[in-house]
Amino acid sequence: MSDAFTPIAGRLIRWYARHGRKNLPWQRDPTPYRVWVSEIMLQQTQVSVVIGYYERFMTRFPDLAALADAPLDDVLGLWTGLGYYSRARNLHRAAAVVRDRHGGAMPRGLDALVALPGIGRSTAGAILALSHGDRHPILDGNVKRVLCRYHGVGGWPGEGRVERTLWTLAERHTPREQVAVYTQAIMDLGATLCVRLRPLCAMCPLEADCAARREGAQAKYPAPRPRRETPHRETAFLMLRDPGGALLLERRPPVGIWGGLWCFPECEPDADVEAVCRSRFGVRPATTTALAPIAHGFTHFKLDVYPILVEVDDDDGSTAAGPGEPRRHSSGAAVAGSDGSRRYSSGAAAAGPGEPRRHSSGAVVADSDGSRRYSSGAAAAGPGELRRSSPGAAATGSDGSRNRPLSAVADSGELRWYPPGAAASVGLAAPVKRLIEQLARDR
DNA sequence: AAAGCGGGGGT
DNA sequence: ACCCCAGCTTT
């Protein structure tokens, strides 16, 4: 940062008077309720998209009472397509709180607003600044970008230290008068001129003393989020083969990677294969052979598969887990080991009914060596999978158990022996198909 | 197809 | 205080 204090408010306000957007739906009659709804919607979607949603929302829920009294499904219905549905739930919940505890009027205090679900410091500040003109700074993405460039603030704004710097700067710049206009102005500048790519500096009222402009390094600010390496996970396929050449396959859960497809049973790469075969499948391996590992790329992570060919000669017909099998509970989460090994488990373990879809990255747990890795619970999840909403819960089973990748599947009887040739006719996970073909060739 | 986006919430 | 997350849009 260069300038400790630079009154840019006046320039922004004058610029906004000439070039700012003033006829957006939420700018007409900016009541706290209307500003609130707009701010929540704008957190996740661009202005052009929000407008339609906002107008439909306001038609159906013209005031806070209408929102608070509406069924949640109605709210979610009007939110469909906007994404981030938890924010619609928060909006609805908060409306009820305001109805029940604030007499139906949005509270006029930062702390009271922040106490409402879905409202943080910046959103609370925006509500008070835009609807009442109360002097509160905001720090949304647009403002962050403007401040990072103007002051040459390096580092990723998501980092605590950088964010604190930005809040301090935002606070200093917020004027004592015309707070509402100023707030609109700095957001508008970020949204229309000081955009992430190819900012229109020639038109910017702050160009003369913008640090990034002076450096000719607008693209450097704000610094991007540190790259997180693509999650990399490992699993072992237990390729049980009986003397007739039949292979034991497992149908995967309907959600998750390879959902509904048939796959070899999995276990941890460092598991005791013989013990696993005995306890889980009731068979004793005659031989176990590690085949060449397979690298499989997913959108969100890389998976190394270690296939283990297990020849069995005394299948007792019971492929379900034995009765005394420990470490089983129906909805448990997968757990990270404390030995530092990587794990991978089937998706069923981490899934819970009605829980939100997960995102691309998994939960991170600390390794004993201080590095970070993705826990096995997270490893189970891929696009569209269900998981526990709390990474912590997913990382520690309620009974303290470790992974039990197959227990749910075994319980549901989704294990089958496939005679040679039969497997080719069912839906197979891609690497499974390759392995089966490879086995057929090698015989 | 992959990355960006931004603020809230959980640990 | 730190880290994670959603889900659409953009490149």
Side-chain angles (χ1 to χ4, degrees), chain A residues 36-50 52-53 76 79-91 93-94 110 113-127 137-148 155-167 170 187 190-191 194-198 219 221-231 297-302 333 336 350 355-366 371-375 377-379 381-396:
Chain A
W36 174 34
V37 173
S38 75
E39 286 298 320
I40 300 299
M41 287 187 172
L42 287 165
Q43 282 173 7
Q44 58 205 58
T45 315
Q46 293 188 336
V47 166
S48 58
V49 177
V50 163
Y53 283 90
L76 292 173
W79 210 269
T80 301
L82 272 179
Y84 293 94
Y85 301 100
S86 69
R87 302 188 190 206
R89 297 174 198 275
N90 284 336
L91 197 60
R93 267 207 301 153
L110 200 71
L113 285 175
V114 168
L116 296 172
I119 298 183
R121 180 177 174 187
S122 184
T123 300
I127 292 170
I138 67 161
L139 194 62
D140 71 1
N142 288 320
V143 175
K144 285 178 182 173
R145 190 167 51 250
V146 170
L147 293 177
C148 280
W156 176 52
E159 190 186 329
R161 194 189 108 266
V162 177
E163 188 167 17
R164 282 188 287 277
T165 299
L166 293 174
W167 271 113
M187 288 192 298
C194 198
V195 292
R196 193 170 64 87
L197 280 86
R198 306 166 179 271
Y221 304 98
R225 177 193 206 101
R227 278 192 68 96
R228 193 198 299 274
E229 72 180 52
T230 305
F298 287 97
T299 305
H300 296 96
F301 62 94
K302 291 184 192 171
E355 286 174 355
R357 291 165 60 98
R358 60 165 289 97
H359 194 42
S360 57
S361 59
V364 177
V365 295
S371 68
R372 286 211 208 110
R373 70 194 165 84
Y374 286 79
S375 76
E385 279 184 307
L386 298 170
R387 71 179 290 269
R388 291 177 172 275
S389 54
S390 153
T396 308

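Proteins get letters first, then strands, A, B, ... in listed order; numbering begins at 1 in each.
Between A:R161 and A:V49, the residue anchored closer to the 5' end of DNA chain C is A:R161, taking for each the nucleotide with the nearest heavy atom.
Between the OH atom of A:Y84 and the P atom of C:dC5 there is a distance of 12 Å, given to the nearest Å. Atom CZ in A:R225 sits about 9 Å away from atom C1' in C:dC5, given to the nearest Å. Atom CH2 in A:W79 sits about 13 Å away from atom P in C:dC8, given to the nearest Å.
Among residues two or more places apart in sequence or in another chain, the salt bridge (Lys or Arg N to Asp or Glu O under 4.0 Å) test is passed with A:R161 by A:E159. Not counting sequence neighbours, the partners of A:E39 by the side chain to side chain contact (heavy atoms under 4.5 Å, CB included) test are A:V35, A:T123, A:A126, A:L130, A:M187.
Nucleic acid contact class of A:R87 (heavy atoms, under 4.0 Å, all strands): base. Counting any heavy atom pair closer than 4.0 Å across all strands shown, A:S86 reaches no nucleic acid atom. At a threshold of 4.0 angstrom between heavy atoms, the contacts of A:P117 are confined to the sugar-phosphate backbone, with no base atom among them. Counting non-hydrogen atoms under 4.0 angstrom, A:G81 reaches the backbone sugars and phosphates but no base. Among the atoms of the strands shown, none is found under 4.0 Å from any heavy atom of A:L197.
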Please convert DNA chain B into dot-bracket. A pair counts if it is Watson-Crick or G-U wobble with both distances under 3.5 Å; crossing pairs go in [ ] and bases paired with another strand get |. |||||.|||||
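In terms of modelled atom types and a separation under 3.5 Å, the side chain of A:R145 and the main chain of A:C194 share a donor-acceptor contact.
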